[in-house]
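Notes follow once the structure below has been shown.
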Amino acid sequence: EQFPEDMEVGNHTSVTKFILLGLTEDPTLCVIFFVLFLGIYVVILAGNITIIILIASCSQLHSPMYFFLGHLAFVDIGCSTSVTPVMIIGFLRHRLALPVAVCEAQLCSMVMFGSADCFLLAVMAYDRYVAICLPLFYSTRMSPRVCVLLVGVSYVGGCVNAWTFGSCLLTLSFCGPNQVDHFFCDFSPLLKLSCSDVSTIEIIPSISSGSILALTVSVIALSYICILNTILKMRSTEGRHKAFSTCTSHLTAVTLYYGTITFIYVMPKSSYSTEQNRVVSVFYTVVIPMLNPFIYSLRNRDVKEALRKAMARIYS
């Protein structure tokens, strides 16, 4: 359904709004999903903000590993906030209309935070590599200046990828259908609506995102190969367990995030449906940002201890 006011009549007509079809149009499911995703979004904000406050306020968490974790929590909030509020509103207002500029901003924000997430996971893997394989050089290799530089590169990398997507989107013309078969303005559904030649445009963001995935996966894989090699050489069982336990939370987060990203961006498009795409998108934009605080806190003795002390101060 196209809105007449969304079209400019003349030699060149253009869409001024996109209609998000959302996850479902079933009224009962909309009510259930509204309550469910509103609750999940509150948990995302509460969990990740708690992680950030704990790391900022507790001196025992003032180390590179937790510095990166704090930024990962911030990026998770940004990633989810780019998508979830619009999705929640969509359950109340069927076929939510978004101006083209808002749609483009949502896509760029999502890509920026999603890409920064990839870089930060790679940086955290490198941090574990230095801590376990090169402990004598840890203070110099992971100095405050180096940590700030690595986080800065993560955000710049995210911005560059977002600029790639945004600039490609701005070159497209939309002069026909304006219904986006998704719950947010993702790149692939928008390409399907364009009346421009997209043969080149669809390749450029794929190369950009593919390069980031290849680089970050390589850093993570090489880091863990070296970590595993070092752990296997340790004679003490307790030492091996302690070294590996510092990596389990990160490995869990990496597996969840890269597993879903691979499904969407690496698997052939013909092998999965639009419905599957939407489900997996919900997983990496909503579910993973909710799970990460629990993954890093429940499996981490330092974070649990800091949280216990903070709660004791509040209720004492």
Side-chain angles (χ1 to χ4, degrees), residues 6 14-22 41 44-45 48 71-90 96-122 151-174 178-196 198 200-216 257-258 260-261 264-266 277-278 280-286 288-289:
D6 293 343
S14 63
V15 172
T16 59
K17 291 180 181 178
F18 288 115
I19 313 299
L20 296 179
L21 298 184
Y41 187 55
I44 288 168
L45 293 178
N48 285 291
H71 282 277
L72 185 70
F74 171 73
V75 165
D76 279 342
I77 291 171
C79 188
S80 184
T81 301
S82 302
V83 173
T84 313
V86 171
M87 179 173 63
I88 290 169
I89 294 168
L96 181 65
L98 291 182
V100 171
V102 173
C103 220
E104 289 169 348
Q106 185 187 45
L107 174 65
C108 289
S109 175
M110 177 62 217
V111 172
M112 193 275 279
F113 285 114
S115 304
D117 211 321
C118 289
F119 282 112
L120 283 170
L121 288 172
V151 167
V153 167
S154 299
Y155 287 121
V156 170
C159 289
V160 169
N161 199 31
W163 174 82
T164 304
F165 275 78
S167 57
C168 286
L169 197 60
L170 288 171
T171 63
L172 298 176
S173 297
F174 298 95
N178 64 344
Q179 294 184 353
V180 181
D181 191 14
H182 215 310
F183 60 87
F184 73 101
C185 297
D186 203 3
F187 193 68
S188 294
L190 290 174
L191 276 184
K192 292 176 184 176
L193 302 179
S194 176
C195 50
S196 306
V198 298
T200 306
I201 296 299
E202 67 181 344
I203 294 171
I204 297 169
S206 296
I207 292 171
S208 177
S209 297
S211 301
I212 290 171
L213 282 173
L215 175 64
T216 54
Y257 191 74
Y258 280 94
T260 53
I261 291 291
I264 288 182
Y265 296 108
V266 178
N277 191 346
R278 283 200 289 260
V280 177
S281 295
V282 166
F283 200 77
Y284 82 86
T285 58
V286 181
I288 290 176

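We find the NZ-CD distance between Lys192 and Glu202 to be 11.0 Å, quoted to the nearest 0.5 Å. Once rounded to the nearest 0.5 Å, the distance linking CG of Leu98 with CD1 of Ile89 reads 8.5 Å. Between atom CG of residue Leu193 and atom CG of residue Asp181 there is a gap of 9.0 Å, rounded to the nearest 0.5 Å. Remark: Cys185 SG to Leu107 CG distance equals 7.5 Å, nearest 0.5 Å.
Looking only at side-chain heavy atoms (C-beta outward), Ile19 and Val180 stay at 4.5 Å or farther from each other. Counting only heavy atoms from C-beta outward, the side chains of Asn48 and Phe74 never approach each other to under 4.5 Å. Two residues are said to be in side-chain contact when any heavy atoms from C-beta on lie closer than 4.5 Å; Met87 and Leu20 fail this criterion. Side-chain contact between Phe174 and Leu169 is present, with at least one heavy-atom pair separated by less than 4.5 Å.
Among residues two or more places apart in sequence or in another chain, the side chain to side chain contact (heavy atoms under 4.5 Å, CB included) test is passed with Val198 by Leu172, Leu191, Ser194. By the ring pair (Phe, Tyr, Trp, His ring centres under 6.0 Å) test, Phe187 is found to be paired with Phe165, residues two or more places apart in sequence or in another chain being considered. For Cys118, there are no disulfide (SG to SG under 2.5 Å) partners two or more places apart in sequence or in a different chain. Residues satisfying the side chain to side chain contact (heavy atoms under 4.5 Å, CB included) test with Leu170, not counting sequence neighbours, are Glu104. Applying the side-chain hydrogen bond (donor to acceptor under 3.5 Å, both in side chains) test to Ser154 and every residue at least two apart in sequence or in another chain returns nothing. Residues that satisfy the side chain to side chain contact (heavy atoms under 4.5 Å, CB included) test with Cys79, not counting sequence neighbours, are Met110, Phe113. With sequence neighbours left out, Val153 forms a side chain to side chain contact (heavy atoms under 4.5 Å, CB included) with no residue at all. Looking at residues two or more places apart in sequence or on another chain, you find a ring pair (Phe, Tyr, Trp, His ring centres under 6.0 Å) between Tyr155 and His71. Annotation: side-chain hydrogen bond (donor to acceptor under 3.5 Å, both in side chains) contacts of Asp117 (sequence neighbours excluded): none.
Residue pairs satisfying the side chain to side chain donor-acceptor pair (under 3.5 Å) criterion with at least one member in residues 81-90, sequence neighbours excluded, are listed as follows: Tyr41-Thr81, Ser80-Thr84, Ser82-Ser109.
With Thr260 contributing its side chain and Tyr257 its backbone, the two residues share a donor-acceptor pair below 3.5 Å.
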### Message
Between Leu215 and Phe119, does the side-chain contact (heavy atoms from CB on, under 4.5 Å) criterion hold? Intermediate values first, please.
### Response
CA-CA 9 Å; Leu215 175 64; Phe119 282 112; 4.1 Å; yes
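Across all non-hydrogen atoms, the minimal contact from Ser173 to Ser196 is N-OG, 2.7 Å. When all heavy atoms are compared, the tightest approach of Asp76 to Pro289 is O-CB, 3.8 Å. Heavy atoms only, all atoms of each residue included: Ile44 and Val286 are closest at CD1-O, 3.3 Å. In terms of heavy-atom proximity, Ser281 sits nearest to Thr285 at O-OG1, 2.6 Å. In plain terms, the two heavy atoms of Leu213 and Thr216 that are nearest each other are O-OG1, 3.3 Å. Between Gly158 and Ser115 the shortest heavy-atom distance is CA-CB, 3.6 Å.
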